[in-house]
Chemist: 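Right, I'll just put the structure down here and ask away after.
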Amino acid sequence: MAAKLSVQSDWDQVLRKVEGEAWISCKIAGKPTIYGSLKCQCISTDGVPKLISSDEFVVHEITKKSITVSCPGQNISGKFLSPYTSFSRVHSKNVTCLDISSGGALGLSTSTDQTMKIWQTSNGEIRRILEGHVHDVYCCMFFPSGKVVLSGGMDAQVKIWSVDGGSCPVTLKGHKGGILDLAIVDRGRNVVTCSRDGTARLWDCGQAACIAIVNNIVNNSCVPINAIALGAVDNAVNLGSPKEVPSDREIGTEGKLLILAREDKMLEGTSLHSRDSVFIFEGSDAFNCCTFISSMDILAGGQDGNIFHLDVRNPKTPVETICRTDSPVLSLVPFKDGYIASHGDGSCFIAQGFDQVLQLTGPDCAPVYQVAAWEKFVYTCCRDGLVRKYQLSDL
């Protein structure tokens with residue numbers, strides 16, 4: 001595990017008060033953790049605190065929402081960003097999944113309070129409550145239009161909803177276990193789902209029918225597929241050809257690779273069009289999440305905190321393995337020239353060029369289940385029941 005700087009989760013609030021004090025630490029693998037403190041001496045006329053730090057640490061820059069600190073003795077520095085705002089009234093319990101509409105005006109989230117809600121990203125005001133699933137809703141996302149929602153739940157059903165009216169005109173049935181993740185093919189005439197039942201299915205939304213089970217079942221065992229990612233890949237990747245003429249209801253599957261993050265430590269790439277298995281990579285623990293960051297590069301996060309960066313043209317050996325914490329990787333999303341990763345210990349990193357550039361603060365050791373980004377804003381959902389909104393221009 002790489003060296004890691006951490007700061008008290010509510011540092012921005014504590015250090016806005018004269019004499020306010022927050023802890024900071026530097027954790028290095030195989031060595032004792034170094035602990036120190038930051039203390040507010042005074043507040044400037046523009047509201048920015050003036051800080052002093054304990055001997056082991058140096059404060060390089062501070063604004064109202066961000067702080068840059070280093071531990072010179074270990075040659076490590078870190079930048080931390082606190083939330084622009086938080087929404088506490090969207091849900092009453094853990095917020096487990098999150099998405100933002102293509103226009104950025106609406107948020108969509110699910111919770112262990114067994115609700116799925118659409119809300120305004122400007123103020124958290126509820127616009128719609130989508131009711132129809134039985135028990136918990138595990139995953140949700142907007143279609144590219146921003147006018148339609150896709151969801152999957154414990155009830156093994158996949159539902160398609162109207163944002164404007166909140167109605168559910170389509171329910172997709174066929175899975176034998178809870179729906180764990182979703183992907184939309186192009187504009188959304190087809191969608192892909194994965195389940196605890198060990199299958200990934202391609203669906204025709206217009207006829208509410210399953211076109212195909214995409215993956216080959218391993219030894220007839222139902223290994224849960226925890227997450228999927230769908231992307232158009234480089235032409236150098238051999239995706240095979242369909243053995244039978246595809247249905248005319250199958251739209252936009254050509255050239256697409258489906259990544260399956262499996263519970264048995266395997267990451268599988270499958271051609272969505274031919275259904276051929278393209279590669280299988282064995283990780284170090286169960287895979288929880290995966291994403292494309294380019295037509296050649298994918299990331300997959302495991303239960304042991306490892307993030308594997310693979311080149312789909314040569315996926316047998318990772319380009320690199322990143323481990324900032326040994327806590328489970330719960331979410332990975334592409335962001336500009338890099339990615340955002342969230343973990344079960346409440347840490348959430350924005351990395352660009354595969355260098356850590358920013359850590360999002362706020363959660364106090366509570367898992368950050370999902371991250372969504374829209375332009376200069378990043379949203380997170382957490383076990384503490386909060387949806388947090390970060391503004392990167394605050395840097």
Chemist: Would Lys389 count as a cation-pi partner of Phe87, with NZ or CZ less than 6.0 Å from the six-membered ring centre and within 45° of the ring normal?
Modeler: no
Chemist: Working to the nearest 0.5 angstrom, can you tell me the gap between Lys31 NZ and Cys26 SG?
Modeler: 9.0 Å
Chemist: What's in the same ILVMFWY side-chain cluster as Met266, cut-off under 4.5 Å, chained through other members?
Modeler: Ile280
Chemist: Which atoms form the tightest heavy-atom contact between Cys381 and Leu98, and what is the distance?
Modeler: SG-CB, 3.8 Å
Chemist: What about Val191 and Ile228, same hydrophobic cluster or not, with Ile/Leu/Val/Met/Phe/Trp/Tyr joined at side-chain heavy-atom distances under 4.5 Å?
Modeler: no
Chemist: Write down the atom of Leu332, the atom of Ala300, and the distance for their closest heavy-atom approach.
Modeler: CD1-C, 3.7 Å
Chemist: Hydrophobic side-chain clustering at under 4.5 Å (ILVMFWY, transitive links): who's grouped with Ile43? Put none if nobody.
Modeler: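 Val18, which link up through side-chain heavy atoms under 4.5 Å apart, make up the rest of the cluster.
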Chemist: Could you report the tightest heavy-atom contact between Pro49 and Leu15, atom names first, then the distance?
Modeler: CB-O, 3.1 Å
Chemist: Val69 and side chain to side chain contact (heavy atoms under 4.5 Å, CB included): which partner among Ile76, Leu51, Ile24, Ile62?
Modeler: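 The residue from Ile76, Leu51, Ile24, Ile62 that satisfies side chain to side chain contact (heavy atoms under 4.5 Å, CB included) with Val69 turns out to be Ile24.
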Chemist: Can you see which heavy atom on Arg324 is nearest to which on Ala351, and at what distance?
Modeler: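 Minimum heavy-atom contact is NH2-CB, 3.7 Å.
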Chemist: Checking the side chain of Asp285 only, and the main-chain atoms of Gln303 only, is there a donor and an acceptor separated by less than 3.5 Å?
Modeler: no
Chemist: Would you say Trp374's side chain and Ser102's backbone share a donor-acceptor pair under 3.5 angstrom?
Modeler: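 Yes.
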Chemist: Out of curiosity, does Val90 fall in the hydrophobic cluster containing Leu106 (side-chain heavy atoms, cut-off under 4.5 Å, transitive links)?
Modeler: no
Chemist: Group every Ile, Leu, Val, Met, Phe, Trp and Tyr by side-chain heavy-atom contacts under 4.5 Å, then state whether Leu260 and Leu267 land in the same group.
Modeler: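 No, Leu260 does not connect to Leu267 through the hydrophobic network.
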Chemist: Measuring only between side-chain heavy atoms, which start at C-beta, is Tyr379 closer than 4.5 Å to Thr121?
Modeler: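 In short, these two side chains touch, coming nearer than 4.5 Å.
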Chemist: Which residue pairs satisfy the ring-ring contact (aromatic ring centres under 6.0 Å, His included) criterion with at least one member in residues 261-296, sequence neighbours excluded?
Modeler: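 Applying ring-ring contact (aromatic ring centres under 6.0 Å, His included) to every pair that reaches into residues 261-296, excluding sequence neighbours, yields Phe281-Phe308, Phe287-Phe308.
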Chemist: Regarding His175 and Thr193, do their side chains bring together a donor and an acceptor under 3.5 Å, going by distance alone?
Modeler: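 Per modelled atom types, His175 and Thr193 side chains form a pair under 3.5 Å.
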Chemist: Other residues, nucleotides and ligands only: do more than 12 of their heavy atoms fall within 6.0 Å of CG on Asn123?
Modeler: yes
Chemist: Just do the side-chain contact (heavy atoms from CB on, under 4.5 Å) check on Cys289 and Val329 with the steps written out, would you?
Modeler: CA-CA 7 Å; Cys289 51; Val329 188; 3.7 Å; yes
Chemist: Is it the case that over 12 heavy atoms from other parts of the model lie below 6.0 angstrom from the CZ atom of Arg16?
Modeler: yes
Chemist: Closer than 3.5 angstrom, by distance alone: can the side chain of Ser54 be matched with the main-chain N or O of Ser37 as a donor-acceptor pair?
Modeler: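 Side chain of Ser54 to backbone of Ser37, a donor-acceptor pair under 3.5 Å: yes, one is there.
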Chemist: Report the distance from atom OH of Tyr35 to atom CD of Glu56, rounding to the nearest 0.5 Å.
Modeler: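 That separation rounds to 12.5 Å.
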Chemist: Heavy atoms, side chains only, cut-off 4.5 Å: are Val378 and Phe335 in contact?
Modeler: yes
Chemist: Does a sphere of radius 6.0 Å around CZ in Arg249 hold more than 12 heavy atoms from other residues, nucleotides or ligands, not counting ones at 6.0 Å or beyond?
Modeler: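 It does: Arg249 CZ has more than 12 such atoms within range.
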Chemist: Taking Asp326 for its side chain and Gly305 for its backbone only, find out whether a donor-acceptor pair lies under 3.5 Å.
Modeler: no
Chemist: Side-chain contact test, heavy atoms from C-beta onward, threshold under 4.5 Å: evaluate it for Val95 versus Tyr369 and give yes or no.
Modeler: no
Chemist: Are the charged groups of Arg388 and Asp384 less than 4.0 angstrom apart, N to O?
Modeler: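 Yes.
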Chemist: Do Val137 and Cys97 come close enough that some side-chain heavy atom pair is under 4.5 Å?
Modeler: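 The answer is no, as the side chains (C-beta and beyond) never meet within the 4.5 Å cut-off.
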Chemist: Would you check if the distance from the ring center of Phe80 to the ring center of Trp11 is below 6.0 Å?
Modeler: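 No - the distance between ring centres of Phe80 and Trp11 does not fall below the 6.0 Å cut-off.
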Chemist: Distance from Lys336 atom NZ to Glu375 atom CD, nearest 0.5 Å?
Modeler: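 Atom-to-atom, Lys336:NZ and Glu375:CD are 9.5 Å apart.
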Chemist: Side-chain donor-acceptor pair under 3.5 Å between Thr96 and Asn94, yes or no?
Modeler: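 No, no side-chain donor-acceptor pair sits under 3.5 Å.
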Chemist: I'd like to know if Leu239 and Leu202 are part of one continuous hydrophobic network [Ile/Leu/Val/Met/Phe/Trp/Tyr, side-chain heavy atoms within less than 4.5 Å].
Modeler: no
Chemist: Please tell me if the side chains of Phe349 and Lys4 come closer than 4.5 Å, counting only heavy atoms from C-beta onward.
Modeler: yes
Chemist: Given Arg127 and Trp119, is the side-chain contact (heavy atoms from CB on, under 4.5 Å) satisfied, shown in steps?
Modeler: CA-CA 5 Å; Arg127 292 281 296 275; Trp119 39 273; 5.7 Å; no
Chemist: How long is the span from the SG atom in Cys365 to the CZ atom in Arg383, to the nearest 0.5 Å?
Modeler: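 The CZ atom of Arg383 is 9.5 Å from SG of Cys365, to the nearest 0.5 Å.
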Chemist: Would you check if there is a donor-acceptor pair between the side chains of Glu263 and Asn226 at a distance under 3.5 Å?
Modeler: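 Checked: Asn226/Glu263 side chains pair up, N/O donor to acceptor below 3.5 Å.
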Chemist: Main chain of Gly344, side chain of Ser327: is a donor-acceptor contact present, judged purely on distance under 3.5 Å?
Modeler: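 Pair found, side chain donor or acceptor close to backbone of Gly344.
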Chemist: Going by heavy atoms in the side chains, are Glu250 and Asp204 under 4.5 Å from each other?
Modeler: no
Chemist: Whether the side chain of Arg201 engages the backbone of Gly174 through a donor-acceptor N/O pair (distance < 3.5 Å, no angle test) should be reported.
Modeler: yes
Chemist: So does Asn75 have more than 12 non-hydrogen atoms from other groups sitting under 6.0 Å from CG?
Modeler: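 Not more than 12 within 6.0 Å, no.
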Chemist: First locate atom SG of Cys140, then atom CE of Met116, and finally report the distance between them rounded to the nearest 0.5 Å.
Modeler: 6.5 Å
Chemist: Please name the pair of heavy atoms, one in Ser271 and one in Leu257, separated by the smallest distance, quoted to 0.1 Å.
Modeler: N-CD1, 4.2 Å
Chemist: Is there a side-chain contact (heavy atoms from CB on, under 4.5 Å) between Ser347 and Gln359? Walk through the geometry before answering.
Modeler: CA-CA 7 Å; Ser347 58; Gln359 184 171 336; 4.3 Å; yes
Chemist: In Å, rounded to the nearest 0.5 Å, how long is the span from NZ of Lys176 to OG1 of Thr199?
Modeler: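 That separation rounds to 9.5 Å.
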Chemist: Using a 3.5 Å distance criterion without hydrogens, assess whether the side chain of Asn215 forms a donor-acceptor pair with backbone atoms of Gly198.
Modeler: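 A pair under 3.5 Å: yes.
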Chemist: Under the side-chain contact (heavy atoms from CB on, under 4.5 Å) rule, what do Ile225 and Asp181 come out as? Steps first, then yes or no, please.
Modeler: CA-CA 8 Å; Ile225 301 171; Asp181 204 3; over 6 Å; no
Chemist: If we only count heavy atoms from C-beta on, is the Ile34 to Cys71 side-chain gap below 4.5 Å?
Modeler: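 They are in side-chain contact.
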Chemist: Indicate yes or no: at least one non-hydrogen side-chain atom of Lys243 is less than 4.5 angstrom from one of Asp276.
Modeler: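 With C-beta onward as the side chain, the pair touches.
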Chemist: Run the numbers on Ser44 and Asp46 for side chain to side chain donor-acceptor pair (under 3.5 Å), then give the verdict.
Modeler: CA-CA 5 Å; Ser44 66; Asp46 58 359; 2.2 Å; yes
Chemist: Is there a donor-acceptor contact under 3.5 Å from the side chain of Ser195 to the main chain of Gly177?
Modeler: yes
Chemist: Looking at Tyr339 and Ile307, what are the two nearest heavy atoms and their distance?
Modeler: CE1-CD1, 4.2 Å
Chemist: Applying the 4.5 Å side-chain criterion to the ILVMFWY set and letting contacts propagate, would Val319 and Leu299 be lumped into a single cluster?
Modeler: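 Cluster IDs for Val319 and Leu299 differ.
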Chemist: Can you confirm whether the side chains of Ser109 and Lys117 place a donor and an acceptor under 3.5 Å from each other?
Modeler: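 No pair is found: no donor N or O on one side chain lies under 3.5 Å from an acceptor on the other.
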Chemist: Is a side-chain donor or acceptor of Ser331 paired with a backbone partner of Val371 at a separation under 3.5 angstrom?
Modeler: yes
Chemist: Tell me if a side-chain donor or acceptor on Asp136 pairs with a main-chain N or O of Tyr138 at a distance below 3.5 Å.
Modeler: no
